[in-house]
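I have placed the structure first, in the form of structure tokens, so that the comments after it can refer back to it.
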Amino acid sequence: MPAPVPRQRTLPAAESGQVHAASMNSGPTEGTPEPGTTAPHTAEHPAISTTGSTANGGAPKGGSEGAPCAEADTRTDIDSDTDTANRTGKARTRITPDSAEAASTAPTNLTLLLIEDDPAGSPIVPTLLDRSGKPIRVRTARNLTEAERLLTDDVHCILLDLALPAPGSRPVNGANGGGGDEGDDELAVLKHVLELAPRHAVLALTASGDAERGAEAVRVGAQDYLFRDELDSRLLSRAIRYAVERKRSDSAERRLAEGRLHARENRRLERGLLPTPLLDGSPLHFAARYRPGRSRALLGGDFYDVVRTPDGTVHAMIGDVCGHGPDEAALGVELRIAWRALTLAGLSGDELLGTLQQVLEHERAHDEIFATLCTVDISPDGREAGLCLAGHPSPLLARPGQPARLLPYDDNGPALGLLPDARWPRTRVDLGTEWSLMLYTDGLIEGRVGDSGERLGQDGMVGMVGRQLTEGLRGEELLRAAVNEVRALNGGELTDDVALLLLDRVPQP
């Protein structure tokens with residue numbers, strides 16, 4: 001729909017940017033209502049160069065009647081509103097900025113919403129042009145109800161008259177635009193607009209000399225304030241551009257701060273969800289390394305834990321929920337906590353894994369979700385262990401003077417969540433007097449090796465870790481070196497979560 005055309009105005013020849021008031025004794029201009037009638041309210045005024053008669057009914061200087069003004073784009077159009085002058089004896093002005101000044105940084109198609117109470121029907125409507133001379137739209141609202149209707153997403157800045165009555169207030173002594181009751185908050189209307197338009201830039205318009213009120217408006221949330229009596233085109237143009245850019249900057253800074261705070265909170269939460277091993281009184285040494293596949297995350301679908309029960313047995317577990325998102329990470333935490341509680345309660349083997357499967361089935365988002373698991377229970381003397389595998393890769397065992405090898409995996413049972421009546425046999429393993437036992441998830445063995453495209457696999461992992469052990473690497477240093485080498489062989493970051501758990505038994509001399 002075409003934009004409404006404003007009443008035609010004469011464009012004066014002066015380029016100084018100063019206000020010029022037309023004679024108040026002149027007759028009505030073309031397109032102006034006759035005295036005694038109300039000027040039609042236009043919600044949106046495009047800032048365009050106009051033609052028409054002068055205030056006294058004559059043709060514009062330097063051109064015939066109806067001819068466009070050749071210098072309209074660079075001149076200040078400040079013409080008295082003759083209709084209002086005839087009724088009130090006071091000339092109201094229209095303000096147009098210098099086009100070159102207005103367009104220095106302002107974006108095209110900028111929209112300004114002016115909220116000003118003017119029962120006389122003649123609000124101050126700024127007329128702005130961008131650098132190319134295209135109009136910047138100006139919408140006017142005489143109350144907050146109109147403002148809410150006109151406040152669409154394409155509005156960039158609001159020019160608010162602080163003298164506008166707040167919602168529910170009544171004028172004092174019948175004054176035009178006065179505030180509400182004496183006890184009312186004098187900035188209530190501004191606070192209402194800020195609640196109504198939290199993403200928009202706001203300029204406060206106040207009386208000349210009322211700097212304290214203007215400063216308070218900025219403290220409350222406005223981007224800047226202007227004095228009504230000192231308002232001119234250049235100042236208004238700069239203030240609007242400044243307010244829009246400051247609001248954008250403030251919004252971006254706030255979003256950045258909120259994002260950083262959210263990230264810190266997530267990291268604290270995820271760190272809290274990682275386990276703290278319970279090994280008090282055990283001679284075993286513990287180390288772990290965790291690397292989620294998700295970008296900028298600390299927790300993935302992999303999970304692990306180690307606890308020592310009152311009888312001296314050390315129980316270790318590592319598992320992997322299929323998938324890499326936050327839902328899988330949450331499910332992994334639930335399974336880890338359930339495993340610790342059940343282990344401390346004395347459950348083991350089939351009974352423990354069967355209960356964990358019930359937890360998984362109740363907590364998973366859909367029936368296709370499953371989890372692999374490896375559990376090891378090490379005897380109090382540290383010389384033997386029991387192994388249960390639920391679709392998970394077998395641990396690596398390394399002993400002095402012997403090559404590293406995988407523990408038996410012939411009795412590997414199904415992953416949790418696949419078969420309702422599954423069984424998970426427990427395999428007894430002889431560990432010896434001195435050993436290192438590494439539990440891991442498949443993210444460590446599924447990385448590629450160079451340009452060949454082949455996966456590292458369990459055999460490649462056993463050879464790599466065995467070599468690092470012979471080089472004297474132990475504990476966290478060994479796990480860090482293993483992950484770094486796998487990443488290097490893969491040619492970059494691994495796409496899957498990686499978790500490693502290492503238990504060492506070194507006899508005391």
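Since the model is a prediction, treat every value here as computed from it, not as a measurement.
- The shortest heavy-atom contact between Leu164 and Arg142 is CD1-O, 3.6 Å.
- Summarising the local packing, CG of Asp430 is surrounded by more than 12 heavy atoms from other residues, nucleotides or ligands at distances under 6.0 Å.
- Side chain of Asn490 to main chain of Arg448: a donor-acceptor pair is present (N/O by atom type, distance under 3.5 Å, no hydrogens or angles).
- Panel note: side chain Glu384, backbone Val429; no donor-acceptor pair is recorded below 3.5 Å.
- Rounding to the nearest 0.5 angstrom, the gap separating the CG atom in Leu439 from the CG atom in Leu444 is 12.0 Å.
- In this structure, CG on Asp377 lies 6.5 Å from OG on Ser348, to the nearest 0.5 angstrom.
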Quiz item: What do the steps show when you test Arg289 against Glu476 for salt bridge (charged side-chain N to carboxylate O under 4.0 Å, His left out), and what is the final call?
Solution: CA-CA 7 Å; Arg289 187 160 184 84; Glu476 293 184 2; over 6 Å; no
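- Within the 4.5 Å cutoff, no side-chain heavy atoms of Val333 are placed close to those of Phe303.
- One side chain, Thr441 or Asp302, offers a donor N or O that lies under 3.5 Å from an acceptor on the other.
- No more than 12 heavy atoms of other residues, nucleotides or ligands shown are found within 6.0 angstrom of CZ on Arg423.
- For Arg291 (side chain) and Val498 (main-chain N/O), no donor-acceptor pair under 3.5 Å exists by modelled atom type.
- Taking the charged nitrogens against the carboxylate oxygens, Arg467 and Glu471 do have a contact shorter than 4.0 Å, which makes a salt bridge.
- Of the possible polar contacts, one joining the Thr355 side chain to the Glu351 backbone as a donor-acceptor pair under 3.5 Å is found.
- Looking at heavy atoms from C-beta onward, Arg336 lies in side-chain contact with Pro275 at the 4.5 angstrom threshold.
- Ionic pairing of Arg219 and Glu216 is present here: one or more N-O contacts between side-chain nitrogen and carboxylate oxygen are shorter than 4.0 angstrom.
- The shortest distance between side-chain heavy atoms of Leu205 and Leu160 does not fall below 4.5 Å.
- Summarising the geometry of Ala371 relative to Ala415, their closest heavy-atom pair is O-CB, 3.4 Å, with the distance given to 0.1 Å.
- Between the side chains of Tyr440 and Gln458, at least one donor-acceptor pair of N or O atoms lies under 3.5 Å.
- Here the CG atom belonging to Leu503 is positioned 7.0 Å from the CG atom belonging to Leu279, to the nearest 0.5 angstrom.
- You'll find the side chain of Arg487 reaches within 4.5 Å of the side chain of Leu494, heavy atoms only.
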Self-check item: Steps toward side-chain contact (heavy atoms from CB on, under 4.5 Å) verdict (Leu344, His315)
Solution: CA-CA 9 Å; Leu344 292 175; His315 302 262; over 6 Å; no
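- Using a 4.5 Å heavy-atom cutoff, the side chains of Pro277 and Asp305 are not in contact.
- Between the side chains of Arg139 and Thr152, at least one donor N or O lies within less than 3.5 Å of an accepting N or O.
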Quiz item: Which is it for Glu477 and Arg480 under the salt bridge (charged side-chain N to carboxylate O under 4.0 Å, His left out) test, yes or no, and what are the steps along the way?
Solution: CA-CA 5 Å; Glu477 187 180 10; Arg480 186 183 305 110; over 6 Å; no
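- Using modelled atom types, one side-chain atom of Ser251 and one backbone atom of Lys247 make a donor-acceptor pair closer than 3.5 Å.
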Exercise. Check the pair Leu416 / Trp424 against side-chain contact (heavy atoms from CB on, under 4.5 Å), numbers first and verdict last.
Key: CA-CA 10 Å; Leu416 303 181; Trp424 298 274; 3.7 Å; yes
Practice problem: Apply salt bridge (charged side-chain N to carboxylate O under 4.0 Å, His left out) to the pair Arg248 and Glu253, showing each step before the final yes or no. | Solution: CA-CA 9 Å; Arg248 289 173 178 169; Glu253 185 176 352; over 6 Å; no
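- Listed here is the closest heavy atom pair of Arg399 and Gly432: NH1-N, 3.9 Å.
- Using modelled atom types, one side-chain atom of His156 and one backbone atom of Thr111 make a donor-acceptor pair closer than 3.5 Å.
- For Phe227, the CZ atom sits in a packed shell: over 12 heavy atoms of surrounding residues, nucleotides or ligands are nearer than 6.0 Å.
- Although no hydrogens or angles enter the test, the distance criterion places no donor-acceptor pair under 3.5 Å between the side chain of Arg474 and the main chain of Ser436.
- Judged by distance alone, with hydrogens and angles left aside, the side-chain atoms of Arg505 form a donor-acceptor pair with the main-chain N or O of Asp381 at under 3.5 Å.
- Minimum heavy-atom separation, Val449 to Arg455: CG2-C, 4.0 Å.
- Under the side-chain hydrogen bond (donor to acceptor under 3.5 Å, both in side chains) rule, His392 has a single partner from Thr372, Asp320, Asp442, which is Thr372.
- Using a 4.5 Å heavy-atom cutoff, the side chains of Leu150 and Val155 are not in contact.
- Here the side chains of Met438 and Val465 are in contact, with some heavy-atom distance below 4.5 Å.
- Side chains of His192 and Leu144 form a contact here, defined as non-hydrogen atoms less than 4.5 Å apart.
- In this structure, Gln223 contributes its side chain and Arg246 its backbone to no donor-acceptor pair below 3.5 Å.
- Ion pairing between Asp153 and Arg199 holds under the 4.0 Å rule for side-chain N and carboxylate O.
- When the shell of 6.0 Å around CD of Glu368 is examined, it contains more than 12 heavy atoms from other residues, nucleotides or ligands.
- The nearest pair of heavy atoms linking Gly475 to Asp504 is N-OD2, 4.1 Å.
- Dense packing is recorded around CG of Asn484, with more than 12 heavy atoms of other residues, nucleotides or ligands lying under 6.0 Å away.
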Practice problem: Go through the steps for Ile158 and Leu151 under the test side-chain contact (heavy atoms from CB on, under 4.5 Å), then give the verdict. | Solution: CA-CA 9 Å; Ile158 298 171; Leu151 190 60; 3.7 Å; yes
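- Between Pro395 and Leu437, the closest heavy-atom pair is CB-CD1, 3.9 Å.
- Between the side chains of Glu485 and Gln468, at least one donor N or O sits under 3.5 Å from an acceptor N or O.
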Practice problem: Could you walk me through whether Cys374 and Leu387 pass the side-chain contact (heavy atoms from CB on, under 4.5 Å) test, one step at a time? | Solution: CA-CA 7 Å; Cys374 167; Leu387 171 67; 3.8 Å; yes
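- Proximity of a side-chain donor or acceptor of Glu361 to a complementary backbone N or O of Gln358 within less than 3.5 Å is not detected.
- Using cut-offs of 30° and 60° for the angle between ring planes, the Tyr304 and Tyr290 rings count as tilted.
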Quiz item: Step by step, would you call Arg426 with Asp411 a salt bridge (charged side-chain N to carboxylate O under 4.0 Å, His left out)?
Solution: CA-CA 8 Å; Arg426 178 179 181 273; Asp411 290 333; over 6 Å; no
